[in-house]
Amino acid sequence: MKLIIGNKNYSSWSLRGWLAAKQSGLMFEEITVPLYGEEWDHLRRADDLAPSSGKVPILWDGEGPDAPVVWDSLAIIDYLADKVGRDRFWPKDETARAMARSMVAEMHSGYLPLRSTLPMNIRKRVEGVEITPEVRADIVRILTLWAEARARFGKGGPFLFGTFCAADIIYAPVVSRFMTYGVPVPGFAMTYMEAVWTHDWMQTWIDAAENEDWTIEQFEEPAR
């Protein structure tokens with residue numbers, strides 16, 4: 001398999017796709033394309049990115065034009081779960097799995113104020129950022145979901161549903177955002193965030209992000 005991703009410092013959806021590939025346990029080649037650089041207009045029209053219209057991540061399962069290709073992080077999770085077994089990505093308990101799927105879908109389609117105002121920037125720490133009412137509402141909703149998942153289904157480990165699963169993959173960039181912008185969270189949430197942040201795969205991603213040479217100015221400050 002071949003997974004094409006964007007800059008690790010900024011690309012939240014690439015992080016999700018990459019974590020999904022790691023969670024699958026399958027071997028994959030990782031290719032990073034620098035987003036919005038001088039060659040970006042050319043790169044996004046290349047054959048490898050054409051199926052997604054230049055969006056990352058994009059997963060190719062094999063070589064050639066007839067190879068299966070999947071883009072969008074949630075689609076990548078579903079595709080890989082079909083290959084290796086859904087229990088690798090989702091809680092086994094039916095009630096827990098229903099909540100995990102709902103939380104993942106809500107993150108996938110929602111929280112636009114949070115995502116647009118506080119862009120992911122792993123290398124940076126920003127103090128005194130102004131939290132708008134819309135962003136605060138997103139934060140409160142996320143923390144409420146985290147609290148319910150941990151209280152009801154988190155007994156088996158430090159993650160949302162105990163063991164690391166698709167929900168943690170999807171919310172990992174939120175953990176990064178909360179840390180970058182110093183979002184105040186209750187103790188249970190900080191414990192969960194530390195578990196995600198110190199996960200071996202996250203540490204590998206963070207190290208790579210900190211060593212990247214690229215800077216995207218539009219993502220270097222919170223949106224005003």
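Values below: all heavy atoms of this structure, side chains included; hydrogens, waters and symmetry mates excluded.
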Nearest heavy atoms of Ala20 and Phe89, plus distance in Å = O-CZ, 3.4 Å
Mind checking whether Ile139 and Val183 have side chains closer than 4.5 Å, heavy atoms only?
-> yes
Answer yes or no on whether Lys22 is positioned over the face of Trp205, meaning its NZ or CZ is under 6.0 Å from the six-membered ring centre and within 45° of the axis.
-> no
Please answer: with hydrophobic residues joined when any side-chain heavy atoms are less than 4.5 Å apart, are Leu112 and Leu145 in the same cluster?
-> no
Min side-chain heavy-atom separation Ile5-Ile31 under 4.5 Å = no
Do Met107 and Arg115 have side-chain heavy atoms sitting under 4.5 Å apart?
-> yes
Test side chain to side chain contact (heavy atoms under 4.5 Å, CB included) applied to Ser12 and Pro173, Pro119, Ser73, the passing residue = Pro173
Show your reasoning for whether side chain to side chain contact (heavy atoms under 4.5 Å, CB included) applies to Leu143 and Val185.
-> CA-CA 8 Å; Leu143 291 175; Val185 299; 4.0 Å; yes
Counting only heavy atoms not in Arg101, do more than 12 sit closer than 6.0 Å to its CZ atom?
-> yes
Distance-only, no hydrogens or angles: does the Thr204 side chain make a donor-acceptor pair with backbone N or O of Asp200 under 3.5 Å?
-> yes
Under 4.5 Å between any side-chain heavy atoms of Thr132 and Val135, yes or no?
-> yes
Are the side chain of Thr117 and the backbone of Pro113 linked by a donor-acceptor contact shorter than 3.5 Å?
-> yes
Side-chain (Arg97) to main-chain (Pro91) donor-acceptor, under 3.5 angstrom = yes
To the nearest 0.5 Å, tell me how far Ile76 CD1 sits from Leu19 CG.
-> 11.5 Å
Is a donor on one side and an acceptor on the other found under 3.5 Å between the side chain of Asn7 and the backbone of Tyr10?
-> no
Taking Arg86 for the side chain and Ala81 for the main chain, is one N or O donor matched with an acceptor at less than 3.5 Å?
-> no
Donor-acceptor side-chain pairing of Asp168 and His199 below 3.5 angstrom | no
Using a 4.5 Å cut-off on heavy atoms from C-beta on, say whether the side chain of Leu80 contacts that of Leu59.
-> yes
Please work out whether the ring planes of Trp146 and Tyr171 are parallel, tilted or perpendicular, with thresholds of 30° and 60°.
-> perpendicular
Would you give the length of the straight line joining atom CH2 of Trp13 to atom CH2 of Trp71, rounded to the nearest 0.5 angstrom?
-> 16.0 Å
Is there a donor-acceptor pair closer than 3.5 Å between any side-chain N or O of Glu127 and the backbone N or O of Gly182?
-> no
When rounded to the nearest 0.5 Å, the distance separating CZ of Arg16 from NE2 of His108 is 8.5 Å
Could you state the interatomic distance from CD (Glu210) to CD1 (Ile122), rounded to the nearest 0.5 Å?
-> 8.0 Å
Rounded distance (nearest 0.5 Å) linking atom CD of Glu194 with atom OH of Tyr192 = 12.5 Å
Can you tell if the side chain of Lys2 reaches within under 4.5 Å of the side chain of Glu30, non-hydrogen atoms only?
-> no
Mark yes or no for whether Ser11, through its side chain, and Lys8, through its backbone, hold a donor-acceptor pair below 3.5 Å.
-> no
Grab the two heavy atoms, one from Met120 and one from Ser176, that are nearest each other, plus how far apart they are.
-> CG-OG, 3.5 Å
Check Arg150 against Gly162 and note the closest heavy-atom contact, atom names and distance.
-> NH1-N, 4.3 Å
Search all heavy atoms of Leu3 against all heavy atoms of Pro57 and return the closest pair with its distance.
-> CD1-CB, 4.0 Å
Output, in order, the C-alpha distance, side-chain angles, deciding distance and verdict of side chain to side chain contact (heavy atoms under 4.5 Å, CB included) for Ile142 and Val174.
-> CA-CA 9 Å; Ile142 289 168; Val174 175; 4.0 Å; yes
Of all heavy-atom pairs between Trp60 and Pro51, which one has the smallest distance, and what is that distance?
-> CZ2-CG, 3.6 Å
Side chains of Tyr181 and Asn121: do they bring a donor and an acceptor to under 3.5 Å?
-> no
Test item: Met193 and Met179 side chains (from C-beta on) under 4.5 Å apart, heavy atoms = yes
Does Asp87 reach the main-chain N or O of Lys92 with its side chain, forming a donor-acceptor pair under 3.5 Å?
-> no
Between Asp72 and Lys55, is there a salt bridge with N-O shorter than 4.0 Å?
-> no
For the student: nearest non-hydrogen atoms of Cys165 and Gln23, plus distance | CA-NE2, 4.3 Å
Hey, mind stepping through Val70 and Asp61 against side chain to side chain contact (heavy atoms under 4.5 Å, CB included) and telling me if it holds?
-> CA-CA 8 Å; Val70 193; Asp61 191 2; over 6 Å; no
One should read off an interatomic distance between Leu74 CG and Ile170 CD1, to the nearest 0.5 angstrom, of 6.0 Å
Is the shortest heavy-atom distance from the side chain of Arg152 to the side chain of Phe161 under 4.5 Å?
-> no
From the list Arg177, Glu134, Glu106, side chain to side chain donor-acceptor pair (under 3.5 Å) with Tyr111 holds only for Glu106
